[in-house]
Amino acid sequence: MSDQKISISNGKLNVPDNPTIPFIEGDGTGVDIWPASQLVFDKAVEKAYSGKRKINWKEVLAGEKAFNKTGNWMPEETLTVFREYLVGIKGPLTTPVGGGIRSLNVALRQELDLYACVRPVRWFTGVPSPVKEPQKTDMVIFRENTEDIYAGIEFQEGSDENKKFLQLLKDNFPKSYKKIRFPENSGIGIKPVSKDGTERLVRSALKFALENKKPSLTLVHKGNIMKFTEGGFRDWGYALAKNEFGAKDLDGGPWQVIEKDGHKLIIKDAIADAFLQQILLRPDEYSVVATLNLNGDYISDALAAIVGGIGIAPGGNVNYITGHAIFEATHGTAPKYAGQDKVNPGSVILSGVMMLEYMGWQEAADLIIKGLEGAIAAKKVTYDFHRLMEGATLLKCSEFAQAVVSKM
Ligand SMILES: NC(=O)C1=CN([C@@H]2O[C@H](COP(=O)(O)OP(=O)(O)OC[C@H]3O[C@@H](n4cnc5c(N)ncnc54)[C@H](OP(=O)(O)O)[C@@H]3O)[C@@H](O)[C@H]2O)C=CC1
Ligand SMILES: O=C(O)CCC(=O)C(=O)O
Ligand SMILES: [Mg+2]
């Protein structure tokens with residue numbers, strides 16, 4: 001198949017009928033999930049466009065597969081291909097705890113400046129949930145994806161760098177140095193959060209909320225404790241809504257409202273710990289959520305659990321300015337299940353739905369949703385749903401993909 005590239009001009013994607021789309025299979029369960037997902041994508045596109053459109057998949061290497069073949073965890077070639085082809089999709093990649101390589105997932109986001117991690121969380125009829133009214137959870141998380149403690153500026157306890165950094169702090173900021181409880185043996189991390197980074201994230205979240213006529217946007221932060229990073233995020237977010245979107249104070253502020261074409265968007269904020277209990281108690285009071293990197297990571301998995309678990313939690317890492325986007329599941333490699341054809345491919349399948357929507361291939365996206373809903377309604381599910389559903393048929397990962405296809 002000829003090599004056709006997705007491009008962007010004047011902020012609009014140009015998508016050829018046979019686009020080449022790079023993909024990373026992923027570590028661990030990636031080997032099970034990717035082929036299942038690709039089958040669903042190909043069948044949906046074929047059915048929606050009667051063969052007029054077709055994706056030309058191009059595998060690129062990262063993680064263990066890349067290391068085994070090239071000796072490099074993230075070959076430069078992989079970054080070049082994602083840069084060149086604009087839109088891609090990936091399976092999960094392993095990150096060791098403590099030492100070893102830093103996260104390849106985070107590196108991809110930073111290298112391509114994919115500043116928004118967009119994670120929609122909604123309930124599908126029939127999916128088992130630990131809460132009584134899972135249908136009340138319908139949110140889209142916009143997680144800042146390039147800053148915060150994920151920047152990776154850390155000084156290991158006992159290292160020369162650590163000693164040098166602490167000396168610098170002691171010499172220049174003695175009051176701050178004194179606040180370190182055990183300066184002789186502390187690991188140190190730095191948390192950069194910028195006005196520019198906050199503004200581009202909140203701008204994208206606000207545009208999304210307005211275009212989709214969502215009722216509210218909540219800035220989630222821990223600004224009571226981390227005043228100049230998380231507090232800055234809140235203040236810059238509110239200021240941007242006023243300066244760029246004409247938001248007005250509501251009852252004297254800080255909450256705001258934007259009124260546009262007969263639609264009202266409330267802009268509010270919540271402190272992260274309180275927010276995490278609110279999403280269990282009153283989820284219908286939240287819609288679009290804009291938050292910092294670490295909060296967004298925690299919130300993603302917590303919200304996913306409410307609507308059926310991270311087996312069906314999709315996401316996209318997007319730069320709305322350059323058009324670059326890499327779609328991926330919220331979950332990780334689930335190594336204990338690797339190669340067993342067992343886990344739920346739903347998260348990568350739904351990440352593919354987000355990708356198709358991003359490309360403007362709505363008909364194919366809709367077919368996949370129909371297929372997924374059909375398979376779940378028929379109680380044909382993978383182990384994660386099966387253990388919580390009565391009377392369900394247990395399917396393997398690959399069988400679930402086939403069930404989705406048969407219901408399209
Ligand atoms: N974007 C990425 O590539 C990400 C990578 N990671 C990396 O993945 C590795 C493993 O992380 P870990 O903390 O174990 O988290 P995981 O998300 O990989 O797994 C945690 C648990 O979630 C459930 N789960 C995960 N995937 C699925 C699925 N497809 N279907 C059904 N259930 C699923 C399983 O639950 P149960 O045991 O109940 O069956 C699993 O044990 C780490 O190296 C981490 O850094 C983590 C997150 C994102
Ligand atoms: O990069 C990793 O290993 C973890 C990333 C993660 O948890 C996430 O993006 O949600
Ligand atoms: Mg996570």
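By convention here, the first residue in the shown sequence is residue 1.
- Among the candidates M355, M354, K90, the single residue satisfying the side-chain contact (heavy atoms from CB on, under 4.5 Å) test with E328 is K90.
- Here the closest heavy-atom approach between residue V87 and residue G323 is recorded as CG2-O, 4.4 Å.
- Ion pairing between a basic and an acidic side chain is recognised when a charged N comes within 4.0 Å of a carboxylate O; E25 and K65 show such pairing.
- Note on ring orientation: taking the six-membered ring where Trp is involved, the planes of Y337 and Y383 are tilted (angle from 30° to 60°).
- A donor-acceptor pair under 3.5 Å is formed between the side chain of H324 and the backbone N or O of R83.
- The salt bridge (charged side-chain N to carboxylate O under 4.0 Å, His left out) analysis of residues 265-289, with sequence neighbours excluded, yields the pairs K222-D273, R234-D269, R282-E285.
- Residues I321 and I8 share a closest heavy-atom pair of O-CD1, 3.9 Å.
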Distance-only donor-acceptor hits, side chain of residues 169-181, under 3.5 Å, sequence neighbours excluded:
residue	atom	partner	partner atom	Å
D171	OD1	Q167	NE2	3.1
N172	ND2	L168	O	2.8

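- Salt bridge annotation for D148-K191: present, with a cationic side-chain nitrogen under 4.0 angstrom from a carboxylate oxygen.
- Checked by atom type, the side-chain pair Q4/S2 shows a donor-acceptor distance below 3.5 Å.
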With a 3.5 Å cut-off and sequence neighbours excluded, list the donor-acceptor pairs that the side chains of residues 27-41 form with protein atoms.
residue	atom	partner	partner atom	Å
D27	OD1	E64	N	2.9
D27	OD2	T94	N	2.9
D27	OD2	T94	OG1	3.3
T29	OG1	T333	O	2.9
D32	OD1	D341	N	3.1
D32	OD2	G339	N	2.9
W34	NE1	Q38	OE1	2.9
S37	OG	I33	O	2.8
Q38	NE2	D42	OD2	3.4

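- Of the N and O atoms on the side chains of E363 and Y49, at least one donor lies less than 3.5 Å from an acceptor on the other residue.
- Between E399 and K342 there is no salt bridge, since none of the side-chain N atoms of the basic residue sits less than 4.0 Å from a carboxylate O of the acidic one.
- Within 6.0 Å of the NZ atom in K207, the count of heavy atoms belonging to other residues, nucleotides or ligands does not exceed 12.
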